[in-house]
Asks: 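One structure coming up, written as structure tokens, with questions to follow.
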Amino acid sequence: QVQLVESGGGLVQAGGSLTLSCAASGRTFGENVMGWFHQALGKDREVVAAIERSGGTDYTDSVKGRFTISRDIAKKMMSLQMNSLTSDDTAVYYCAKTPSTAFFATRDYVMSQKSYDTWGQGTQVTVSS
């Protein structure tokens, strides 16, 4: 069974950058579609970015061009580089995995919360304006 632990959250000024990390323990980390979510206070949790087994990536429109998802399979680590942060990015960020080991996955699948079955505990990101 895979366990996920996020780190790297904190307080940053608007326009600044932050890198989140997700450490995985257990097997099959490299074979699964993985994603980053965020949940702002009073709002639903939503997908921010996802990475397929092929290495292909998908992003929600609000972060395209600003956020970059990546992973190091050998180190069992996944990262989210966040640039040009705004107050709208303030949220708890979670990493998550799907049960899918498909080499390619559709955008509809990777960008749906229902596709994910394992979550980390979350890390708070606060952007001050």
Side-chain angles (χ1 to χ4, degrees):
Q1 197 170 21
V2 175
Q3 292 184 323
L4 305 172
V5 178
E6 304 93 338
S7 62
L11 176 64
V12 62
Q13 288 188 333
S17 299
L18 208 58
T19 300
L20 305 181
S21 296
C22 174
S25 60
R27 61 184 180 87
T28 73
F29 170 75
E31 298 175 354
N32 298 83
V33 174
M34 302 285 296
W36 283 99
F37 287 70
H38 68 191
Q39 185 169 21
L41 193 63
K43 296 186 178 180
D44 293 334
R45 186 162 51 185
E46 58 182 11
V47 176
V48 172
I51 186 164
E52 304 166 25
R53 184 179 175 187
S54 65
T57 57
D58 293 272
Y59 299 91
T60 193
D61 288 345
S62 63
V63 307
K64 282 181 180 177
R66 299 190 300 123
F67 289 13
T68 303
I69 186 172
S70 62
R71 72 181 178 189
D72 186 328
I73 295 174
K75 295 182 178 179
K76 293 188 175 182
M77 294 288 292
M78 182 173 68
S79 297
L80 184 68
Q81 173 68 43
M82 306 185 294
N83 299 324
S84 302
L85 287 162
T86 74
S87 57
D88 289 340
D89 298 315
T90 294
V92 178
Y93 283 74
Y94 301 87
C95 65
K97 64 166 278 294
T98 76
S100 172
T101 57
F103 198 73
F104 296 105
T106 66
R107 177 176 172 83
D108 285 345
Y109 178 82
V110 305
M111 299 303 283
S112 172
Q113 185 177 183
K114 296 179 181 179
S115 301
Y116 294 78
D117 64 355
T118 303
W119 304 81
Q121 84 289 347
T123 186
Q124 176 70 46
V125 172
T126 303
V127 183
S128 63
S129 56

Asks: Does some side-chain heavy atom of Met82 sit less than 4.5 Å from a side-chain heavy atom of Arg66?
Replies: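 They are not in side-chain contact.
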Asks: Can the ring centres of Trp119 and Phe37 be said to be less than 6.0 Å apart?
Replies: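 Ring centres of Phe37 and Trp119 closer than 6.0 Å.
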Asks: Looking only at atom types and distance, does a side-chain atom of Glu6 sit under 3.5 Å from a main-chain N or O of Thr123, one as donor and one as acceptor?
Replies: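 Side chain of Glu6 to backbone of Thr123: no pair is present.
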Asks: Evaluate the side-chain proximity of Arg45 to Val92: yes if any heavy-atom separation is below 4.5 Å, no if none is.
Replies: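 Heavy-atom side-chain distance check fails, nothing below 4.5 Å.
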Asks: To the nearest 0.5 angstrom, please state how far the OG atom of Ser79 sits from the CG atom of Leu20.
Replies: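 The CG atom of Leu20 is 8.5 Å from OG of Ser79, to the nearest 0.5 Å.
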Asks: Are side-chain heavy atoms of Met78 and Ile51 found at a separation under 4.5 Å?
Replies: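 Answer yes - side chains close enough.
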Asks: Among Val48, Val47, Thr68, find the residue that satisfies the side chain to side chain contact (heavy atoms under 4.5 Å, CB included) test when tested with Tyr59.
Replies: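 That would be Thr68.
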Asks: Give the minimum heavy-atom separation between Gly9 and Val125, together with the two atoms involved.
Replies: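 Result for this residue pair: CA-CG2, 4.1 Å.
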Asks: Does atom NZ (Lys64) have a neighbourhood of more than 12 heavy atoms from anything else shown, all under 6.0 Å?
Replies: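 Result for NZ/Lys64: enclosed.
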Asks: What is the minimum heavy-atom distance between Leu4 and Ala24, and which atoms define it?
Replies: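 Smallest heavy-atom distance, with atoms named: CD2-CB, 3.7 Å.
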Asks: Atom CG of Leu80 and atom OH of Tyr94: how far apart are they, to the nearest 0.5 Å?
Replies: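 Nearest 0.5 Å value for the CG-OH distance: 15.0 Å.
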Asks: Under a 4.5 Å cut-off applied to non-hydrogen side-chain atoms, are Val33 and Phe103 in contact?
Replies: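 A side-chain contact under 4.5 Å is absent here.
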Asks: Leu18 and Gly8: which non-hydrogen atoms are nearest, and at how many Å?
Replies: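 Answer, listing the atom of Leu18 first, then Gly8: CG-O, 3.6 Å.
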Asks: For the residue pair Asn83 / Ser17, report whether a side-chain donor-acceptor contact shorter than 3.5 Å exists.
Replies: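 Yes, Asn83 and Ser17 have a side-chain donor paired with an acceptor closer than 3.5 Å.
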Asks: Looking only at non-hydrogen atoms, find the nearest pair between Arg53 and Thr101 and report the distance.
Replies: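 Here Arg53 and Thr101 meet closest at NH1-O, 2.9 Å.
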Asks: Might you confirm whether atom CD of Gln3 has over 12 heavy atoms from other residues, nucleotides or ligands at distances under 6.0 Å?
Replies: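 Incorrect, the count does not exceed 12.
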Asks: Would you check if Gln39 and Glu46 make a side-chain contact, meaning some heavy-atom pair closer than 4.5 Å?
Replies: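 Not in contact.
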Asks: Any heavy-atom pair between the side chains of Gln81 and Ser70 that's under 4.5 Å?
Replies: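 They are not in contact (no side-chain heavy atoms under 4.5 Å apart), so the answer is no.
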Asks: Please report the interatomic distance OG1(Thr118) to CE(Met34), rounded to the nearest 0.5 Å.
Replies: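 Nearest 0.5 Å value for the OG1-CE distance: 8.5 Å.
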Asks: Give me the atom names and distance for the closest heavy-atom approach of Ser115 to Pro99.
Replies: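 Heavy atoms only, the tightest pair is O-CD, 3.2 Å.
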Asks: Hey, what do you get for OG1 (Thr57) to CZ (Arg71), rounding to the nearest 0.5 Å?
Replies: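 Rounded to the nearest 0.5 Å, the OG1-CZ separation comes to 11.0 Å.
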Asks: Quick one: OG on Ser7 to CE on Met77, what's the gap to the nearest 0.5 Å?
Replies: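 Those atoms lie 6.0 Å apart.
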Asks: Out of Asp89, Leu11, Leu85, Val12, which residue meets the side chain to side chain contact (heavy atoms under 4.5 Å, CB included) rule with Thr126?
Replies: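 Filter result, single survivor: Leu11.
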Asks: Would you name the heavy atoms of Ile69 and Gly35 that are closest together and state the gap between them?
Replies: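 In this case the closest contact between Ile69 and Gly35 is CD1-CA, 4.5 Å.
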Asks: State the CG-CE distance between Asp58 and Met111, to the nearest 0.5 angstrom.
Replies: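 Reported to 0.5 Å precision, the distance equals 6.0 Å.
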Asks: Can you check whether Tyr109's main-chain N or O pairs, donor with acceptor, with Ser112's side chain at less than 3.5 Å?
Replies: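 Side chain of Ser112 to backbone of Tyr109: no pair is present.
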Asks: Classify the ring geometry of His38 against Tyr93: parallel below 30°, tilted from 30° to 60°, perpendicular beyond 60°.
Replies: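 Perpendicular.
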